[in-house]
Amino acid sequence: MASIKFELESKFGSMYGAEEQQAMLEVLAKNAPTSGDACIQFENDFAAYCGVKYARACSNGTAALFLSLVGLGIKPGDRVLTTPLTWIATAAAGATLGAEVDFVDVDPVTYNMDPEQLAKKITPNTRAVLPVHLYGQCCDMDAILALAKQHGFAVVEDACHAVGAEYRGRKAGSMGATGCFSFHEQKNMSTLGEGGIITTDDADLFERIALYRSHCTRVYGKSTKYCSLDEAKLPMGKRFWWQDFDDCGYNFRMTDIQAAVGSAQLKKLDALNQKRIEICAHISERLQGVPGLTLPAVLPGRKHVFHLYPLQIDPGVFGMNKEDFVYAMREERGIRIGTHYIPLHWTTAFQKRGFRKGQFPVADRLADRLVTLPIHPRLTPEGVDYLVDSICAFARH
Ligand SMILES: *Cc1c(COP(=O)(O)O)cnc(C)c1O
């Protein structure tokens, strides 16, 4: 029982094994550099996995989103749209650059940005839209990309929940101008607790992102072309060279030890995601027909990688409201139920920016009903049964 409770209290997203240990030791033996060969390897591995031309590793998902907008040249006054149902990082990326951030209400079935609502929010100033593949299921990308083409804004995919997810045969993060991933400890794969990566097919955008990630450093060499330091393979001391800075940038680099773990994690990702998919299929099978619960819907053409398992509670029918359910599961069963996410327009950060509760009716209604079950690949069949039995025990019979 103690170990079952541990599984359901823990917030760990991925699992490490001997491969990650080995990879770390190898990098340690090479003095554990930052942004070295292991990073280049991981970027190549990740780009190939997603089916894109370029990937650049960075310090976390927040940096990936921010750098995408920096690379796109988002500036004060530009309009940036996202969903209110997301982690604050998605909206903060635009807000911290001084952009005008607005929200688009969500689809009541998938909880993702509703393209019909998006169409109503586009103005000539709209420069970027950040759809979030919430809980691991891709947004309606055909509709969003069609609007992008029509109105000329860039799509930045927040794929932080969706590494390995697919939309009509395309990988999450391969459809927009960029894809942004997080390797935080709770995500489907991790690089030692923190990490991120940006994917893109656009060479110019990639170069800008790569530059701003690392102080906009370029290197002039006598016989080298003017290039970013990351790409420079200078035999130090043999050539005259000096360092120039195109602009003032940031340090959002990843270390090699993280990247080496990332490459090992990536090899296991499909198997880890498959485990999540199976666990969630089992949960859905067992919760089917429990009155007052709405189970997650997986739309055709989607591979949903179940970063989390969203469950909607109708208090009148289920017999308990969201707050009481979350409290009872914790106090009586030792299970941590998530409340991802309190809509961003309810937060102080966005109330300060003029938003009010009730502005996005679908998200507002979901906020009162949506909970998430703790999903990770180390859940045992006993743990899953205990989770489901506990939910059923609270349902009105
Ligand atoms: C985790 C997450 C982020 C931010 O990633 P960090 O690595 O924690 O900075 C952004 N968006 C969403 C949807 C996330 O879940």
Side-chain angles (χ1 to χ4, degrees), residues 11-14 42 46 55-70 80-97 101 103-104 106 110-113 128-139 141 144 155-165 172-173 176 178-199 209 213 250-255 258-259 261-262 265 273 276 304-310 338-345 347 349-350 363 366-367 370 372-376:
K11 296 198 288 178
F12 295 116
S14 188
F42 178 46
F46 200 86
R56 178 91 334 157
C58 58
S59 39
N60 52 57
T62 304
L65 291 159
F66 181 80
L67 282 173
S68 292
L69 296 190
V70 169
V80 172
L81 302 173
T82 189
T83 162
L85 283 192
T86 181
W87 181 235
I88 191 165
T90 325
T96 52
L97 284 168
V101 174
F103 301 107
V104 174
V106 299
T110 61
Y111 317 134
N112 279 331
M113 176 183 280
V129 173
L130 295 93
V132 179
H133 306 314
L134 197 66
Y135 306 133
Q137 173 161 243
C138 287
C139 295
M141 289 306 289
I144 293 170
V155 175
V156 171
E157 289 175 72
D158 182 335
C160 291
H161 286 190
V163 62
T178 70
C180 300
F181 295 85
S182 165
F183 306 125
H184 178 262
E185 66 173 2
Q186 289 176 26
K187 300 304 194 317
N188 289 29
M189 63 174 269
S190 186
T191 53
L192 303 174
E194 299 281 2
I197 205 163
I198 305 147
T199 50
I209 287 169
R213 186 196 68 149
Y250 310 91
N251 172 4
F252 291 141
R253 295 184 299 257
M254 178 183 267
T255 67
Q258 289 178 289
V261 168
Q265 285 271 287
N273 278 341
R276 289 172 180 269
H304 189 325
V305 294
F306 287 97
H307 171 55
L308 294 164
Y309 184 102
T339 53
H340 314 67
Y341 287 102
I342 297 307
L344 290 175
H345 62 289
T347 64
F350 284 95
L366 288 169
L370 207 52
T372 56
L373 306 185
I375 300 300
H376 50 82

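Everything quoted here is computed from the prediction, not taken from an experiment. Atoms within a ligand are numbered from 1 in the order they appear, just like the ligands themselves.
There is no side-chain donor-acceptor pair under 3.5 Å between H184 and E194.
In terms of polar-atom proximity, G61 is counted as a contact of ligand 1, with an N or O under 3.5 Å from an N or O of the ligand.
Nearest-residue assignment for atom 13 (C) of ligand 1 (options D158, L134, T62; heavy-atom criterion): D158.
Taking every heavy atom of W87 and a limit of under 4.0 angstrom, the matching atoms of ligand 1 come to 2 (C), 3 (C), 4 (C), 10 (C), 12 (C), 14 (C).
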ring-ring contact (aromatic ring centres under 6.0 Å, His included) between F183 and F42: does it pass, once the steps are laid out?
-> CA-CA 13 Å; F183 306 125; F42 178 46; 5.6 Å; yes
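Taking Y250 as the reference, F66, F252 meet the ring pair (Phe, Tyr, Trp, His ring centres under 6.0 Å) condition, with sequence neighbours excluded.
To the nearest 0.5 Å, atom OG of residue S14 and atom CD of residue E185 are 11.0 Å apart.
Protein heavy atom closest to atom 7 (O) of ligand 1, with residue, atom name and distance, is S182 OG, 2.6 Å. Nearest protein heavy-atom neighbour of atom 2 (C) of ligand 1: K187 NZ, 3.0 Å.
Residue-level proximity to ligand 1 for H307 is absent, since no heavy atom of it falls below 4.0 angstrom. Residue contacts with ligand 1 for T86 involve side-chain atoms from C-beta outward but no N, CA, C or O (heavy atoms, distance under 4.0 Å). Residue contacts with ligand 1, taken as heavy atom pairs separated by less than 4.0 Å, do not involve Y135 at all.
Counting heavy atoms from C-beta on, the side chains of T178 and T199 never come closer than 4.5 Å.
Here side-chain hydrogen bond (donor to acceptor under 3.5 Å, both in side chains) pairs that include residues 83-96, with residues two or more places apart or in two chains, are T86-T90, T90-D158.
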